[in-house]
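Here's the structure, in structure tokens; my notes come after.
The figures that follow rest on heavy atoms only: side chains count, while hydrogens, waters and symmetry mates do not.
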Amino acid sequence: MRRIYLDHAATTPTRPEVVKAMLPYFTDAFGNASSIYSHGREARGAVEEARTKVAELIGARSEEIIFTSGGTEADNYALKGVAYASERKGNHIITTSIEHHAVLEVCKFLGRRGFRITYLPVDKYGLVAPDDVKRAITDKTILISVMHANNQVGTIEPVEEIGKIAREAGVYFHTDAVQTLGHIPVNVDELKVDLLAISAHKLYGPKGVGALYVRKGTRLVPLMHGGEQEKRRRAGTENVPGIVGLGRAVELAGQEMGKEAERLAYLRDKLIKGLLEKIDHIRLNGHPTRRLPNNVNVSVDFVEGESMLLNLDLEGICASTGSACSSASLEPSHVLLALGLPAEQAHGSLRFTLGRENTEADVERVLEVLPGIVARLRAMSPLLKTQK
Amino acid sequence: MPDPWSLYSEKVMEHFKNPRNVGEIENPDGVGHVGNPVCGDIMELYIKVNDGIIVDAKFKTFGCGAAIATSSMVTEMVKGKRIEEALKISNKAVAEALNGLPPVKMHCSVLAEDALKVAIEDYLGHQKLKKQT
């Protein structure tokens with residue numbers, strides 16, 4: 001059976017070109033980038049080249065890029081780094097109720113340690129209102145953190161406007177760009193951000209590597225203490241192959257992003273249209289137009305997400321759900337609840353995220369099998385009867 | 001975390017793919033409605049009783065693979081059983097009959113046991129009323 005992978009927001013396959021670029025740094029050029037001999041210099045050169053590539057794609061200077069172990073570390077660093085560096089100035093952080101756990105859980109952690117956190121609501125499409133951000137700012141506010149685009153529903157936030165507000169107020173502004181880098185344009189000056197988190201494995205790079213952009217002059221307390229790597233801002237021997245992989249992935253994304261986004265948006269719209277036509281009592285979650293080119297998120301009434309996923313998996317289709325049943329916590333997606341969805345609709349959500357290897361035939365295959373799956377599950381659903 | 005359903009046994013998948021006894025019973029002798037939309041599992045279990053023996057059982061379930069499989073299994077297990085025997089069916093017995101459930105899914109078997117208990121209590125309640133009148 002042909003496997004159709006439609007979960008690119010979770011992770012992407014590492015491109016062969018990226019693997020090829022990484023390979024020498026495991027073996028021949030294995031040196032420590034801090035060493036003085038030629039092996040080390042070779043590694044150092046490769047790390048700096050990757051740094052330049054990342055900086056170029058986001059319109060930053062290379063010294064403003066700090067490599068990390070991934071998006072989660074980058075988010076942790078941004079939030080804790082600013083929080084502990086700005087304690088004298090204030091203790092208030094503004095974020096949203098739909099952030100990734102790598103931001104939300106850090107905020108909760110800081111909240112238990114004397115920081116005051118404002119979690120802004122979103123509208124039914126998942127959009128944060130810049131005015132809400134403005135109103136939430138106090139003289140104690142040290143950081144605003146709003147994601148560039150949401151990983152579950154794909155809504156692209158008005159980061160530029162929020163950046164303007166943050167700058168006028170003199171408050172640091174962080175954005176989690178893990179879902180957007182390499183998929184839509186990301187420019188730190190246009191977005192007016194001071195900090196920006198990225199991850200390699202969401203753009204066909206390897207897992208376990210990412211970066212934090214830190215605008216020059218931004219005061220941060222390091223998360224990792226130890227050696228003098230990354231100008232003492234992030235201790236630990238550099239993950240040279242990973243960093244090289246990130247650099248190559250970013251380079252390829254920069255070259256292909258525009259065309260690919262257009263192709264994916266076409267497939268996305270075809271899938272959305274087809275699902276809404278072929279299945280009744282179904283709704284699109286997230287914004288109809290301000291959304292990631294590869295994201296489709298729907299709620300199917302009267303049926304539960306995991307049972308749909310299992311059936312899709314039996315047909316070789318990989319997708320994801322915001323249903324509690326797919327997690328150990330047994331709570332439905334915090335994002336869908338924040339959008340105002342009742343619990344049963346959150347449980348009935350399905351997310352398809354398209355990627356490079358997907359074709360129109362893949363979309364057609366989903367449209368071919370999902371209506372039957374839904375009909376079968378609805379036939380055994382006690383919720384449908386009560387609606388009649 | 002690994003896929004929770006990668007841990008599903010073949011038996012669970014078999015019942016999930018071909019659930020037994022789906023539907024409702026017209027004029028049932030007992031109905032058990034348990035769960036809620038917040039936790040994501042709702043089960044409805046119907047029983048038909050003749051001379052103290054459960055002669056038919058059907059279910060309708062909104063929930064994950066484990067919820068559907070346990071519903072299917074519990075209806076299979078109670079058919080032909082005396083009420084007193086059926087009351088002794090535990091959630092563990094349902095899970096064991098399915099060759100086990102992943103730990104995070106054990107609550108689904110609890111729900112199946114609860115649905116059965118509520119359906120039997122419903123039946124016994126009706127019996128009591130009949131005797132009184």
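A 4.5 Å side-chain heavy-atom check between Leu310(A) and Lys17(B) finds every atom pair outside the cut-off. At least one side-chain heavy atom of Val22(B) sits less than 4.5 Å from a side-chain heavy atom of Met380(A).
Remark: Asp114(B) pairs with Val34(B), Val110(B) by the side-chain contact (heavy atoms from CB on, under 4.5 Å) rule, at least two apart or across chains. By the side-chain hydrogen bond (donor to acceptor under 3.5 Å, both in side chains) test, Asn297(A) pairs with Asn285(A), sequence neighbours left out.
Proximity of a side-chain donor or acceptor of Ser381(A) to a complementary backbone N or O of Phe62(B) within less than 3.5 Å is not detected.
When heavy atoms are compared at a cutoff of 4.5 Å, Pro19(B) approaches chain A solely by way of its side chain, counted from C-beta outward. In this structure, chain B has a heavy atom under 4.5 Å from the side chain of Leu314(A), while its backbone stays farther away. Looking at Arg378(A), there are no atoms closer than 4.5 Å to chain B (heavy atoms on both sides), in backbone or side chain. Of the atoms belonging to Ile42(B), heavy atoms from both backbone and side chain fall under 4.5 Å from chain A.
Annotation: the span from Met13(B) atom CE to Asp313(A) atom CG amounts to 7.5 Å, rounded to 0.5 Å. Note: Leu377(A) CG to Thr61(B) OG1 = 11.0 Å, rounded to the nearest 0.5 Å.
Taking every heavy atom of both residues into account, Glu306(A) and Cys64(B) meet most closely at OE1-CB, 3.4 Å. The two residues Ser307(A) and Gly63(B) come nearest to each other via the heavy atoms OG-O, 3.2 Å. In plain terms, the two heavy atoms of Glu304(A) and Gly40(B) that are nearest each other are CG-O, 3.9 Å.
No more than 12 heavy-atom neighbours from other residues, nucleotides or ligands sit within 6.0 angstrom of OH on Tyr125(A). Counting heavy atoms of neighbouring residues, nucleotides and ligands inside a 6.0 Å radius, atom CZ of Arg2(A) exceeds 12 of them. Environment of CD in Glu26(B): sparse, with no more than 12 heavy atoms of neighbouring residues, nucleotides or ligands closer than 6.0 Å.
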